[in-house]
Amino acid sequence: MSDAELQPPPGMADLCAPEIFLWQRVEEVARQLLVRYGFLEVRTPLLERASLFVRAIGEATDVVQKEMYLLQDRGGREMALRPEGTAGVMRWVASGGSDRAEARLYYMGPMFRAERPQAGRRRQFHQIGVEALGPASPAADAECIALQVHLLQAAGLEGFALRINTRGVPADGPSVVAGIRTGLGGRSDALCEDCRRRLAVNPLRVLDCKVPQCRAVADTLPPVTEFMGEGSRRYFDEVLRLLHLLDIPVAHDPRLVRGLDYYVHTIWEITHPALGAQDAVAGGGRYRMQLGGRELEGVGFAIGLERLVLALQKYGVRPDESAVRPRVWIVAADAAQMGDLLVLLQALRRRGVAAGMDLAGRSLKAQMRAANRAGAAWAVIRGAAEAEKGVFILKNMSTGTQEVMDLAELVQRLIEP
RNA sequence: GUGGAUGUAGCUCAGUUGGCAGAGCGCCAGGUUGUGGCCCUGGGUGUCGCGGGUUCGAGCCCCGUCAUCCACCCCA
(Lines give C-alpha, C1' and ligand atoms only; values in the text may rest on other atoms or scores of the structure.)
Protein backbone atom coordinates (compact mmCIF):
# COMPACT_ATOMS: atom_id res chain seq x y z
CA MET A 1 0.00 0.00 0.00
CA SER A 2 2.81 2.41 0.76
CA ASP A 3 5.16 0.75 -1.69
CA ALA A 4 6.69 3.76 -3.42
CA GLU A 5 6.91 1.87 -6.72
CA LEU A 6 3.15 1.48 -6.78
CA GLN A 7 2.37 5.07 -5.89
CA PRO A 8 1.59 7.42 -8.73
CA PRO A 9 4.32 10.08 -9.05
CA PRO A 10 4.09 12.81 -6.39
CA GLY A 11 1.18 15.14 -6.92
CA MET A 12 -0.38 12.93 -9.58
CA ALA A 13 -3.45 10.87 -8.99
CA ASP A 14 -5.19 7.83 -10.36
CA LEU A 15 -8.81 8.65 -10.94
CA CYS A 16 -11.68 6.18 -11.04
CA ALA A 17 -15.19 5.52 -9.74
CA PRO A 18 -16.95 7.03 -7.95
CA GLU A 19 -15.27 10.47 -8.37
CA ILE A 20 -14.80 9.93 -12.10
CA PHE A 21 -18.58 10.16 -12.61
CA LEU A 22 -18.53 13.71 -11.32
CA TRP A 23 -15.65 14.57 -13.66
CA GLN A 24 -17.48 13.08 -16.61
CA ARG A 25 -20.61 15.02 -15.79
CA VAL A 26 -18.72 18.29 -15.57
CA GLU A 27 -16.99 17.57 -18.87
CA GLU A 28 -20.25 16.74 -20.59
CA VAL A 29 -21.98 19.85 -19.28
CA ALA A 30 -19.03 21.94 -20.44
CA ARG A 31 -19.00 20.52 -23.97
CA GLN A 32 -22.71 21.12 -24.42
CA LEU A 33 -22.50 24.67 -23.15
CA LEU A 34 -19.37 25.64 -25.06
CA VAL A 35 -20.91 24.58 -28.35
CA ARG A 36 -23.92 26.76 -27.54
CA TYR A 37 -21.56 29.73 -27.17
CA GLY A 38 -19.88 28.93 -30.48
CA PHE A 39 -16.61 27.50 -29.22
CA LEU A 40 -14.79 24.65 -30.95
CA GLU A 41 -12.47 22.21 -29.26
CA VAL A 42 -8.76 22.24 -30.00
CA ARG A 43 -6.34 19.61 -28.70
CA THR A 44 -2.72 20.67 -28.63
CA PRO A 45 0.31 18.63 -27.50
CA LEU A 46 1.05 18.09 -23.84
CA LEU A 47 4.71 18.57 -24.68
CA GLU A 48 5.91 21.80 -26.28
CA ARG A 49 9.20 23.57 -26.83
CA ALA A 50 10.13 25.17 -23.52
CA SER A 51 10.80 28.46 -25.33
CA LEU A 52 7.11 28.75 -26.20
CA PHE A 53 6.15 29.12 -22.55
CA VAL A 54 9.06 31.42 -21.79
CA ARG A 55 7.88 33.75 -24.56
CA ALA A 56 4.14 33.51 -23.90
CA ILE A 57 3.96 33.41 -20.11
CA GLY A 58 7.02 35.50 -19.31
CA GLU A 59 10.61 34.87 -18.37
CA ALA A 60 10.24 36.32 -14.88
CA THR A 61 7.13 34.42 -13.80
CA ASP A 62 7.21 31.71 -11.13
CA VAL A 63 5.55 29.29 -13.51
CA VAL A 64 8.47 29.56 -15.93
CA GLN A 65 11.23 30.01 -13.41
CA LYS A 66 10.53 27.19 -11.02
CA GLU A 67 7.45 25.19 -11.86
CA MET A 68 7.96 23.78 -15.36
CA TYR A 69 8.73 20.13 -16.01
CA LEU A 70 11.70 20.47 -18.35
CA LEU A 71 13.20 17.64 -20.35
CA GLN A 72 15.27 17.01 -23.44
CA ASP A 73 13.72 14.99 -26.21
CA ARG A 74 15.68 12.53 -28.37
CA GLY A 75 16.80 15.29 -30.66
CA GLY A 76 18.24 17.28 -27.78
CA ARG A 77 15.46 19.89 -27.93
CA GLU A 78 14.50 21.64 -24.69
CA MET A 79 10.92 20.62 -24.07
CA ALA A 80 8.39 21.29 -21.33
CA LEU A 81 5.19 19.64 -20.20
CA ARG A 82 2.60 22.36 -20.65
CA PRO A 83 2.02 24.31 -17.43
CA GLU A 84 -1.08 26.00 -18.85
CA GLY A 85 -3.24 25.89 -21.96
CA THR A 86 -3.19 29.31 -23.57
CA ALA A 87 0.35 29.19 -24.98
CA GLY A 88 -0.23 26.01 -26.98
CA VAL A 89 -3.49 27.28 -28.40
CA MET A 90 -1.87 30.57 -29.40
CA ARG A 91 0.99 28.71 -31.08
CA TRP A 92 -1.57 26.79 -33.11
CA VAL A 93 -3.44 29.96 -34.05
CA ALA A 94 -0.21 31.79 -34.95
CA SER A 95 0.84 28.88 -37.15
CA GLY A 96 -2.26 29.47 -39.24
CA GLY A 97 -4.31 26.78 -37.56
CA SER A 98 -7.52 28.73 -37.39
CA ASP A 99 -9.11 30.11 -40.55
CA ARG A 100 -11.09 32.67 -38.60
CA ALA A 101 -9.68 35.94 -37.37
CA GLU A 102 -11.79 35.81 -34.26
CA ALA A 103 -11.47 32.16 -33.41
CA ARG A 104 -13.41 30.83 -30.43
CA LEU A 105 -11.63 27.81 -29.06
CA TYR A 106 -11.78 25.59 -26.00
CA TYR A 107 -9.62 22.86 -24.57
CA MET A 108 -9.74 20.45 -21.69
CA GLY A 109 -6.94 18.32 -20.36
CA PRO A 110 -4.00 17.89 -18.04
CA MET A 111 -1.46 20.60 -17.18
CA PHE A 112 1.77 20.11 -15.25
CA ARG A 113 3.51 22.24 -12.65
CA ALA A 114 6.22 20.92 -10.35
CA GLU A 115 4.89 22.49 -7.17
CA ARG A 116 4.58 21.02 -3.71
CA PRO A 117 1.20 19.24 -3.63
CA GLN A 118 -1.48 20.30 -1.19
CA ALA A 119 -5.25 20.50 -0.99
CA GLY A 120 -6.49 21.56 -4.44
CA ARG A 121 -3.02 21.63 -5.93
CA ARG A 122 -1.65 18.70 -7.93
CA ARG A 123 1.41 18.49 -10.12
CA GLN A 124 -0.77 17.09 -12.85
CA PHE A 125 -4.00 19.02 -12.76
CA HIS A 126 -6.80 19.50 -15.24
CA GLN A 127 -8.33 22.55 -16.79
CA ILE A 128 -11.21 23.45 -19.00
CA GLY A 129 -10.23 26.65 -20.77
CA VAL A 130 -11.50 28.91 -23.52
CA GLU A 131 -9.84 31.48 -25.76
CA ALA A 132 -11.90 34.06 -27.62
CA LEU A 133 -9.56 35.81 -30.01
CA GLY A 134 -10.22 39.31 -31.15
CA PRO A 135 -9.42 42.94 -30.46
CA ALA A 136 -9.87 44.48 -27.03
CA SER A 137 -13.55 44.92 -26.31
CA PRO A 138 -15.31 45.26 -22.96
CA ALA A 139 -18.24 43.31 -24.39
CA ALA A 140 -15.99 40.37 -25.25
CA ASP A 141 -14.59 40.36 -21.72
CA ALA A 142 -18.04 40.52 -20.17
CA GLU A 143 -19.30 37.72 -22.40
CA CYS A 144 -16.35 35.58 -21.40
CA ILE A 145 -17.03 36.09 -17.72
CA ALA A 146 -20.72 35.40 -18.26
CA LEU A 147 -19.82 32.13 -19.94
CA GLN A 148 -17.56 31.10 -17.08
CA VAL A 149 -20.21 31.87 -14.49
CA HIS A 150 -22.80 30.01 -16.55
CA LEU A 151 -20.47 27.02 -16.83
CA LEU A 152 -19.83 26.81 -13.10
CA GLN A 153 -23.53 27.09 -12.37
CA ALA A 154 -24.40 24.46 -14.97
CA ALA A 155 -21.92 22.13 -13.29
CA GLY A 156 -23.89 22.58 -10.09
CA LEU A 157 -21.63 24.99 -8.22
CA GLU A 158 -23.09 27.61 -5.92
CA GLY A 159 -21.61 30.07 -3.50
CA PHE A 160 -18.58 31.19 -5.49
CA ALA A 161 -17.29 34.75 -5.52
CA LEU A 162 -16.06 36.72 -8.52
CA ARG A 163 -13.35 39.35 -8.09
CA ILE A 164 -12.18 41.51 -10.94
CA ASN A 165 -9.48 44.06 -11.64
CA THR A 166 -7.64 45.62 -14.55
CA ARG A 167 -4.02 45.49 -15.57
CA GLY A 168 -4.41 48.36 -17.98
CA VAL A 169 -2.31 48.36 -21.13
CA PRO A 170 1.48 48.05 -21.41
CA ALA A 171 1.74 51.83 -21.82
CA ASP A 172 0.26 52.20 -18.32
CA GLY A 173 3.07 50.10 -16.86
CA PRO A 174 5.64 52.79 -16.10
CA SER A 175 3.18 55.11 -14.37
CA VAL A 176 1.62 52.24 -12.38
CA VAL A 177 5.06 51.10 -11.23
CA ALA A 178 6.04 54.66 -10.44
CA GLY A 179 2.78 55.20 -8.56
CA ILE A 180 3.25 52.14 -6.40
CA ARG A 181 6.90 52.92 -5.74
CA THR A 182 6.04 56.47 -4.77
CA GLY A 183 3.16 55.34 -2.61
CA LEU A 184 5.30 52.81 -0.80
CA GLY A 185 8.48 54.82 -1.04
CA GLY A 186 8.94 55.95 2.52
CA ARG A 187 7.70 52.74 4.06
CA SER A 188 9.66 49.97 2.40
CA ASP A 189 11.10 49.01 5.80
CA ALA A 190 7.55 48.11 6.93
CA LEU A 191 7.31 45.47 4.19
CA CYS A 192 8.32 41.84 4.40
CA GLU A 193 11.59 40.65 2.94
CA ASP A 194 9.89 39.28 -0.19
CA CYS A 195 8.06 42.52 -0.82
CA ARG A 196 11.21 44.61 -0.59
CA ARG A 197 12.59 42.47 -3.40
CA ARG A 198 9.28 42.67 -5.29
CA LEU A 199 9.37 46.42 -5.05
CA ALA A 200 12.44 46.36 -7.25
CA VAL A 201 11.51 43.52 -9.62
CA ASN A 202 7.70 43.50 -9.87
CA PRO A 203 6.03 46.12 -7.67
CA LEU A 204 2.50 44.98 -8.59
CA ARG A 205 3.17 41.83 -6.60
CA VAL A 206 3.36 43.80 -3.37
CA LEU A 207 -0.37 44.39 -3.71
CA ASP A 208 -1.39 40.77 -3.20
CA CYS A 209 1.11 39.86 -0.48
CA LYS A 210 -0.64 38.06 2.37
CA VAL A 211 1.64 39.23 5.16
CA PRO A 212 -0.53 41.45 7.42
CA GLN A 213 1.97 44.34 7.62
CA CYS A 214 2.28 44.45 3.84
CA ARG A 215 -1.48 44.34 3.57
CA ALA A 216 -1.83 47.27 5.89
CA VAL A 217 0.64 49.28 3.84
CA ALA A 218 -0.88 48.25 0.52
CA ASP A 219 -4.34 49.21 1.75
CA THR A 220 -3.25 52.83 2.01
CA LEU A 221 -2.48 52.97 -1.71
CA PRO A 222 -5.07 54.25 -4.13
CA PRO A 223 -6.47 51.65 -6.56
CA VAL A 224 -4.07 50.92 -9.42
CA THR A 225 -6.57 52.37 -11.86
CA GLU A 226 -5.58 55.82 -10.51
CA PHE A 227 -2.21 55.42 -12.17
CA MET A 228 -3.63 54.28 -15.50
CA GLY A 229 -4.54 56.32 -18.53
CA GLU A 230 -8.06 57.51 -19.26
CA GLY A 231 -8.59 54.79 -21.90
CA SER A 232 -7.81 51.95 -19.52
CA ARG A 233 -10.11 53.33 -16.86
CA ARG A 234 -12.97 53.78 -19.32
CA TYR A 235 -12.46 50.27 -20.62
CA PHE A 236 -12.67 48.80 -17.15
CA ASP A 237 -15.70 50.86 -16.17
CA GLU A 238 -17.48 49.61 -19.26
CA VAL A 239 -16.72 45.99 -18.34
CA LEU A 240 -18.18 46.60 -14.89
CA ARG A 241 -21.24 48.26 -16.39
CA LEU A 242 -21.88 45.33 -18.74
CA LEU A 243 -21.49 42.79 -15.95
CA HIS A 244 -24.02 44.74 -13.95
CA LEU A 245 -26.37 44.66 -16.94
CA LEU A 246 -25.90 40.92 -17.13
CA ASP A 247 -26.77 40.68 -13.44
CA ILE A 248 -23.46 39.04 -12.58
CA PRO A 249 -22.40 39.81 -9.02
CA VAL A 250 -18.80 40.99 -9.03
CA ALA A 251 -16.46 42.71 -6.62
CA HIS A 252 -13.80 45.11 -7.82
CA ASP A 253 -10.63 44.08 -6.00
CA PRO A 254 -7.91 46.65 -6.68
CA ARG A 255 -5.33 44.27 -5.24
CA LEU A 256 -6.06 41.37 -7.55
CA VAL A 257 -2.91 40.59 -9.50
CA ARG A 258 -2.39 37.76 -11.93
CA GLY A 259 0.94 36.09 -12.39
CA LEU A 260 1.29 35.63 -16.10
CA ASP A 261 2.88 38.40 -18.12
CA TYR A 262 0.53 38.27 -21.09
CA TYR A 263 -2.46 39.80 -19.32
CA VAL A 264 -3.80 43.24 -20.26
CA HIS A 265 -6.98 45.06 -19.23
CA THR A 266 -9.52 42.83 -17.53
CA ILE A 267 -8.39 40.09 -15.14
CA TRP A 268 -10.54 38.12 -12.76
CA GLU A 269 -10.63 35.23 -10.36
CA ILE A 270 -13.40 33.07 -8.96
CA THR A 271 -12.94 31.63 -5.50
CA HIS A 272 -14.99 29.23 -3.43
CA PRO A 273 -15.17 29.20 0.38
CA ALA A 274 -15.28 25.39 0.59
CA LEU A 275 -11.79 25.07 -0.84
CA GLY A 276 -9.12 25.82 1.76
CA ALA A 277 -5.89 27.64 0.98
CA GLN A 278 -6.02 27.07 -2.77
CA ASP A 279 -9.44 28.59 -3.18
CA ALA A 280 -9.32 29.88 -6.76
CA VAL A 281 -11.58 27.57 -8.71
CA ALA A 282 -11.19 29.55 -11.92
CA GLY A 283 -9.48 32.59 -13.33
CA GLY A 284 -9.12 34.47 -16.53
CA GLY A 285 -8.22 37.63 -18.29
CA ARG A 286 -7.53 39.49 -21.49
CA TYR A 287 -4.13 38.85 -22.98
CA ARG A 288 -1.83 40.04 -25.71
CA MET A 289 1.28 38.30 -26.95
CA GLN A 290 3.77 38.23 -29.81
CA LEU A 291 4.25 34.85 -31.43
CA GLY A 292 6.08 34.16 -34.69
CA GLY A 293 5.90 37.79 -35.69
CA ARG A 294 2.16 37.96 -35.16
CA GLU A 295 0.42 39.86 -32.44
CA LEU A 296 -2.33 37.82 -30.84
CA GLU A 297 -5.03 39.24 -28.65
CA GLY A 298 -7.99 37.66 -26.94
CA VAL A 299 -9.78 36.96 -23.73
CA GLY A 300 -9.97 33.62 -21.99
CA PHE A 301 -10.31 31.69 -18.80
CA ALA A 302 -9.46 28.38 -17.20
CA ILE A 303 -11.38 26.34 -14.68
CA GLY A 304 -9.46 24.00 -12.37
CA LEU A 305 -11.27 20.69 -12.51
CA GLU A 306 -9.78 19.23 -9.33
CA ARG A 307 -10.92 22.30 -7.44
CA LEU A 308 -14.33 22.43 -9.05
CA VAL A 309 -14.95 18.77 -8.24
CA LEU A 310 -13.67 19.31 -4.69
CA ALA A 311 -16.05 22.21 -4.16
CA LEU A 312 -18.95 20.25 -5.65
CA GLN A 313 -18.24 17.32 -3.36
CA LYS A 314 -18.11 19.53 -0.29
CA TYR A 315 -21.50 20.89 -1.28
CA GLY A 316 -22.85 17.39 -1.41
CA VAL A 317 -23.18 17.13 -5.18
CA ARG A 318 -23.12 13.43 -5.99
CA PRO A 319 -22.94 11.86 -9.40
CA ASP A 320 -25.83 9.72 -10.49
CA GLU A 321 -24.44 6.20 -10.47
CA SER A 322 -27.66 4.63 -11.70
CA ALA A 323 -26.47 5.40 -15.21
CA VAL A 324 -23.72 2.81 -14.92
CA ARG A 325 -25.78 0.06 -13.32
CA PRO A 326 -26.63 -2.87 -15.58
CA ARG A 327 -30.32 -3.43 -16.28
CA VAL A 328 -29.91 -7.17 -16.26
CA TRP A 329 -27.47 -9.72 -14.87
CA ILE A 330 -27.21 -13.09 -16.54
CA VAL A 331 -26.71 -16.12 -14.36
CA ALA A 332 -25.67 -19.61 -15.43
CA ALA A 333 -27.08 -22.17 -13.00
CA ASP A 334 -24.71 -24.68 -14.50
CA ALA A 335 -21.56 -24.25 -16.49
CA ALA A 336 -22.94 -25.93 -19.63
CA GLN A 337 -25.17 -22.86 -20.25
CA MET A 338 -22.24 -20.47 -20.49
CA GLY A 339 -22.05 -20.49 -24.30
CA ASP A 340 -25.76 -19.88 -24.94
CA LEU A 341 -25.90 -17.23 -22.25
CA LEU A 342 -22.88 -15.43 -23.63
CA VAL A 343 -24.75 -15.22 -26.94
CA LEU A 344 -27.79 -13.82 -25.12
CA LEU A 345 -25.59 -11.34 -23.26
CA GLN A 346 -24.20 -9.92 -26.50
CA ALA A 347 -27.60 -9.91 -28.20
CA LEU A 348 -29.03 -7.81 -25.36
CA ARG A 349 -26.13 -5.38 -25.44
CA ARG A 350 -26.47 -4.96 -29.20
CA ARG A 351 -30.11 -4.02 -28.63
CA GLY A 352 -29.07 -1.33 -26.18
CA VAL A 353 -29.56 -3.14 -22.89
CA ALA A 354 -26.83 -2.76 -20.28
CA ALA A 355 -26.12 -6.32 -19.24
CA GLY A 356 -23.54 -8.10 -17.10
CA MET A 357 -22.52 -11.66 -16.39
CA ASP A 358 -20.00 -13.50 -14.25
CA LEU A 359 -17.54 -15.18 -16.58
CA ALA A 360 -15.35 -16.90 -14.00
CA GLY A 361 -17.58 -19.96 -13.51
CA ARG A 362 -18.57 -19.14 -9.93
CA SER A 363 -21.39 -20.78 -7.99
CA LEU A 364 -25.02 -19.80 -8.56
CA LYS A 365 -25.05 -18.15 -5.17
CA ALA A 366 -21.97 -16.11 -5.96
CA GLN A 367 -23.48 -15.06 -9.29
CA MET A 368 -26.65 -13.90 -7.57
CA ARG A 369 -24.57 -11.92 -5.11
CA ALA A 370 -22.79 -10.31 -8.04
CA ALA A 371 -26.14 -9.44 -9.62
CA ASN A 372 -27.23 -7.79 -6.40
CA ARG A 373 -23.97 -5.93 -5.96
CA ALA A 374 -24.04 -4.65 -9.53
CA GLY A 375 -27.47 -3.19 -8.83
CA ALA A 376 -29.19 -4.98 -11.70
CA ALA A 377 -32.96 -4.57 -11.91
CA TRP A 378 -33.37 -8.03 -13.39
CA ALA A 379 -31.62 -11.39 -13.29
CA VAL A 380 -31.91 -13.97 -16.04
CA ILE A 381 -31.25 -17.49 -14.75
CA ARG A 382 -30.87 -20.61 -16.82
CA GLY A 383 -29.77 -24.12 -15.94
CA ALA A 384 -30.11 -27.56 -17.48
CA ALA A 385 -33.84 -27.83 -16.65
CA GLU A 386 -34.68 -24.57 -18.43
CA ALA A 387 -32.37 -25.34 -21.33
CA GLU A 388 -34.20 -28.60 -21.91
CA LYS A 389 -37.54 -26.79 -22.16
CA GLY A 390 -36.09 -23.90 -24.11
CA VAL A 391 -37.01 -21.30 -21.47
CA PHE A 392 -35.43 -18.76 -19.13
CA ILE A 393 -36.18 -17.54 -15.62
CA LEU A 394 -36.62 -13.78 -15.34
CA LYS A 395 -36.28 -12.58 -11.77
CA ASN A 396 -37.20 -9.14 -10.50
CA MET A 397 -34.36 -8.25 -8.14
CA SER A 398 -36.29 -5.79 -6.02
CA THR A 399 -39.44 -7.83 -5.45
CA GLY A 400 -37.83 -11.27 -5.68
CA THR A 401 -40.62 -12.62 -7.92
CA GLN A 402 -39.71 -14.64 -10.98
CA GLU A 403 -41.37 -15.83 -14.19
CA VAL A 404 -40.54 -18.43 -16.81
CA MET A 405 -40.60 -17.46 -20.50
CA ASP A 406 -39.08 -18.17 -23.89
CA LEU A 407 -36.34 -16.21 -25.58
CA ALA A 408 -38.56 -13.92 -27.67
CA GLU A 409 -40.59 -12.79 -24.68
CA LEU A 410 -37.48 -12.45 -22.51
CA VAL A 411 -35.80 -10.12 -24.98
CA GLN A 412 -39.00 -8.14 -25.43
CA ARG A 413 -39.38 -7.65 -21.68
CA LEU A 414 -35.80 -6.51 -21.23
CA ILE A 415 -35.90 -4.07 -24.13
CA GLU A 416 -39.01 -2.37 -22.78
CA PRO A 417 -38.41 0.49 -20.40
C1' G B 1 12.11 25.18 -2.41
C1' U B 2 10.61 25.91 3.33
C1' G B 3 7.71 24.29 7.62
C1' G B 4 4.18 21.07 10.53
C1' A B 5 1.58 16.43 10.93
C1' U B 6 0.88 11.36 9.55
C1' G B 7 2.43 6.14 7.53
C1' U B 8 -0.40 -0.69 11.42
C1' A B 9 -5.19 -5.97 7.32
C1' G B 10 -8.40 -4.55 0.78
C1' C B 11 -10.75 0.26 3.39
C1' U B 12 -11.30 3.38 8.04
C1' C B 13 -8.56 3.21 12.25
C1' A B 14 -7.31 1.34 17.75
C1' G B 15 -2.77 -0.44 19.93
C1' U B 16 -1.74 1.96 27.60
C1' U B 17 4.83 3.31 31.19
C1' G B 18 8.74 -0.63 25.28
C1' G B 19 6.43 -7.11 26.99
C1' C B 20 1.99 -12.77 22.65
C1' A B 21 -0.42 -7.36 16.54
C1' G B 22 -6.37 -5.90 17.19
C1' A B 23 -11.61 -3.83 15.91
C1' G B 24 -15.34 -2.29 12.48
C1' C B 25 -16.47 -2.44 7.43
C1' G B 26 -15.48 -5.08 2.97
C1' C B 27 -14.29 -9.75 0.72
C1' C B 28 -14.67 -15.39 0.46
C1' A B 29 -17.16 -19.92 2.17
C1' G B 30 -21.10 -22.31 4.74
C1' G B 31 -26.08 -22.27 7.19
C1' U B 32 -30.16 -22.90 2.09
C1' U B 33 -28.50 -30.50 -2.34
C1' G B 34 -30.69 -24.39 -8.33
C1' U B 35 -31.37 -18.10 -6.11
C1' G B 36 -29.04 -12.03 -4.07
C1' G B 37 -30.27 -8.32 -0.03
C1' C B 38 -31.42 -9.30 6.34
C1' C B 39 -29.52 -12.71 10.11
C1' C B 40 -26.02 -16.52 12.11
C1' U B 41 -21.23 -19.29 11.80
C1' G B 42 -16.37 -19.82 9.95
C1' G B 43 -12.04 -17.69 7.24
C1' G B 44 -6.31 -12.75 9.16
C1' U B 45 1.72 -14.51 8.46
C1' G B 46 -0.17 -8.20 8.09
C1' U B 47 7.70 -6.96 4.87
C1' C B 48 3.51 -2.53 11.55
C1' G B 49 6.30 2.39 4.65
C1' C B 50 11.77 1.24 4.04
C1' G B 51 17.00 1.13 6.20
C1' G B 52 19.94 1.57 10.39
C1' G B 53 20.52 2.32 15.88
C1' U B 54 19.34 1.82 21.38
C1' U B 55 17.45 -2.39 24.33
C1' C B 56 17.06 -8.91 27.26
C1' G B 57 12.93 -7.32 24.18
C1' A B 58 10.76 -2.01 19.44
C1' G B 59 4.39 -0.95 16.09
C1' C B 60 5.91 2.28 20.36
C1' C B 61 12.33 5.39 21.72
C1' C B 62 16.62 7.67 18.37
C1' C B 63 18.77 8.72 13.31
C1' G B 64 18.18 8.52 8.15
C1' U B 65 15.08 7.80 3.96
C1' C B 66 10.60 7.37 0.97
C1' A B 67 5.51 8.54 0.66
C1' U B 68 0.98 11.06 1.91
C1' C B 69 -1.73 15.18 4.00
C1' C B 70 -1.89 20.36 5.46
C1' A B 71 0.28 25.23 5.33
C1' C B 72 3.94 28.92 3.19
C1' C B 73 4.94 30.29 -1.79
C1' C B 74 2.44 30.33 -6.39
C1' C B 75 -1.77 29.58 -9.10
C1' A B 76 -6.65 26.79 -11.87
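By convention in this document, chain letters (A, B, ...) are assigned in the order of the sequence lines, proteins followed by strands, and residues within each chain are numbered from 1. Please read these numbers as outputs of a predicted model, since none were measured by experiment.
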S.K.: What's the closest nucleotide to the I393(A) side chain, out of rC72(B), rU35(B), rG36(B)?
M.R.: rU35(B)

S.K.: Using purine N1 to pyrimidine N3 plus N6-O4 or O6-N4 for Watson-Crick, or N1-O2 and O6-N3 for G-U wobble, each under 3.5 Å, what pairs with rG22(B)?
M.R.: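 Pairing partner: rC13(B).
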
S.K.: With sugar-phosphate meaning primed atoms plus P, OP1 and OP2, does E386(A) contact a base, only sugar-phosphate, or nothing at under 4.0 Å between heavy atoms?
M.R.: base

S.K.: Please examine the side chains of E115(A) and R121(A), heavy atoms only from C-beta on, and report whether any two atoms are closer than 4.5 Å.
M.R.: yes

S.K.: Pick base, sugar-phosphate or nothing for R205(A), based on heavy-atom distances below 4.0 Å to the nucleic acid.
M.R.: sugar-phosphate

S.K.: Distance between the C1' atoms of rG49(B) and rG59(B), in whole angstroms?
M.R.: 12 Å

S.K.: Between the side chains of R104(A) and E143(A), is the shortest nitrogen-to-carboxylate-oxygen separation below 4.0 Å, so that they form an ion pair?
M.R.: yes

S.K.: Using a 4.0 Å heavy-atom cut-off across all strands, classify A379(A) as base, sugar-phosphate, or nothing.
M.R.: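 The answer is nothing, as A379(A) stays clear of every strand by at least 4.0 Å.
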
S.K.: For rG36(B), take OP1 and OP2 only and decide whether either is under 4.0 Å from a side-chain N or O of K365(A).
M.R.: yes

S.K.: Can you tell me which nucleotide in rA76(B), rU35(B), rC72(B) comes closest to the side chain of Q118(A)?
M.R.: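 In terms of side-chain proximity for Q118(A), the closest of rA76(B), rU35(B), rC72(B) is rC72(B).
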
S.K.: Would you classify G400(A) as touching base, sugar-phosphate or nothing, given that sugar-phosphate means primed atoms plus P, OP1 and OP2, and contacts are heavy atoms under 4.0 Å?
M.R.: base

S.K.: How far, in whole Å, is rG10(B) from rC70(B) if one measures between their C1' atoms?
M.R.: 26 Å

S.K.: Between M368(A) and G11(A), which residue's closest nucleotide on RNA chain B lies nearer the 5′ terminus?
M.R.: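 Between the two, 5'-proximity favours M368(A).
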
S.K.: Please determine, for rC72(B), whether a Watson-Crick or G-U wobble partner exists with both distances under 3.5 Å, and give it or none.
M.R.: rG1(B)

S.K.: For A371(A), which contact category applies under a 4.0 Å heavy-atom criterion: base, sugar-phosphate, or nothing?
M.R.: nothing

S.K.: Hunt down the Watson-Crick or G-U wobble partner of rG34(B), both distances under 3.5 Å, from any strand shown, or write none.
M.R.: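 WC or wobble partner does not exist here.
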
S.K.: Answer with base, sugar-phosphate or nothing: what part of the nucleic acid does G120(A) contact at a heavy-atom distance below 4.0 Å?
M.R.: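 Base contact - G120(A) has a heavy atom under 4.0 Å of at least one base atom.
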
S.K.: Under 4.0 Å, heavy atoms only, any strand: does E67(A) hit a base, just the sugar-phosphate, or nothing?
M.R.: sugar-phosphate

S.K.: With both distances under 3.5 Å as the test, what is the Watson-Crick or G-U wobble partner of rG64(B)?
M.R.: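 With both distances under 3.5 Å, rG64(B) matches rC50(B).
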
S.K.: Would you please confirm or rule out a distance under 4.0 Å between OP1 or OP2 of rC69(B) and any side-chain N or O of R122(A)?
M.R.: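 Answer yes for this pair, as a side-chain N or O of R122(A) is under 4.0 Å from OP1 or OP2.
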
S.K.: Which part of the nucleic acid does Q367(A) contact within heavy-atom distance under 4.0 Å: base, sugar-phosphate only, or nothing?
M.R.: nothing

S.K.: Does the side chain of R36(A) come within less than 4.5 Å of H150(A)'s, by heavy atoms?
M.R.: yes

S.K.: Taking the ring of Y262(A) and the ring of Y287(A), is the distance between their centroids below 6.0 Å?
M.R.: yes

S.K.: On a plain distance test, is the side chain of N372(A) in donor-acceptor contact with the base of rG36(B) below 3.5 Å?
M.R.: yes

S.K.: Which of these nucleotides, rA67(B), rC73(B), rC70(B), is closest to any side-chain atom of P10(A)?
M.R.: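 The listed nucleotide nearest to P10(A)'s side chain is rA67(B).
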
S.K.: How far does the C1' atom of rG26(B) sit from the matching atom of rC13(B), given to the nearest Å?
M.R.: 14 Å

S.K.: Starting the side chain at C-beta, find the nucleotide from rA76(B), rU68(B), rG1(B) nearest to Q7(A).
M.R.: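 Nucleotide nearest to Q7(A)'s side chain: rU68(B).
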
S.K.: Give the intermediate values and the outcome of salt bridge (Lys or Arg N to Asp or Glu O under 4.0 Å) for residues R255(A) and D219(A).
M.R.: CA-CA 9 Å; R255(A) 289 207 308 221; D219(A) 275 338; 2.5 Å; yes

S.K.: Have a look at R258(A) and say if it touches a base, only the backbone sugar-phosphate, or nothing, with a 4.0 Å heavy-atom cut-off.
M.R.: sugar-phosphate

S.K.: Between rC27(B), rG3(B), rA29(B), which one does the side chain of R373(A) approach most closely?
M.R.: rC27(B)

S.K.: Indicate the ring-plane relationship of Y235(A) and H265(A), choosing parallel, tilted or perpendicular according to the 30° and 60° boundaries.
M.R.: parallel

S.K.: Need one value for S398(A): base, sugar-phosphate or nothing, where a base atom within 4.0 Å counts as base even if backbone is also close, heavy atoms only.
M.R.: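 Contact class for S398(A): base.
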
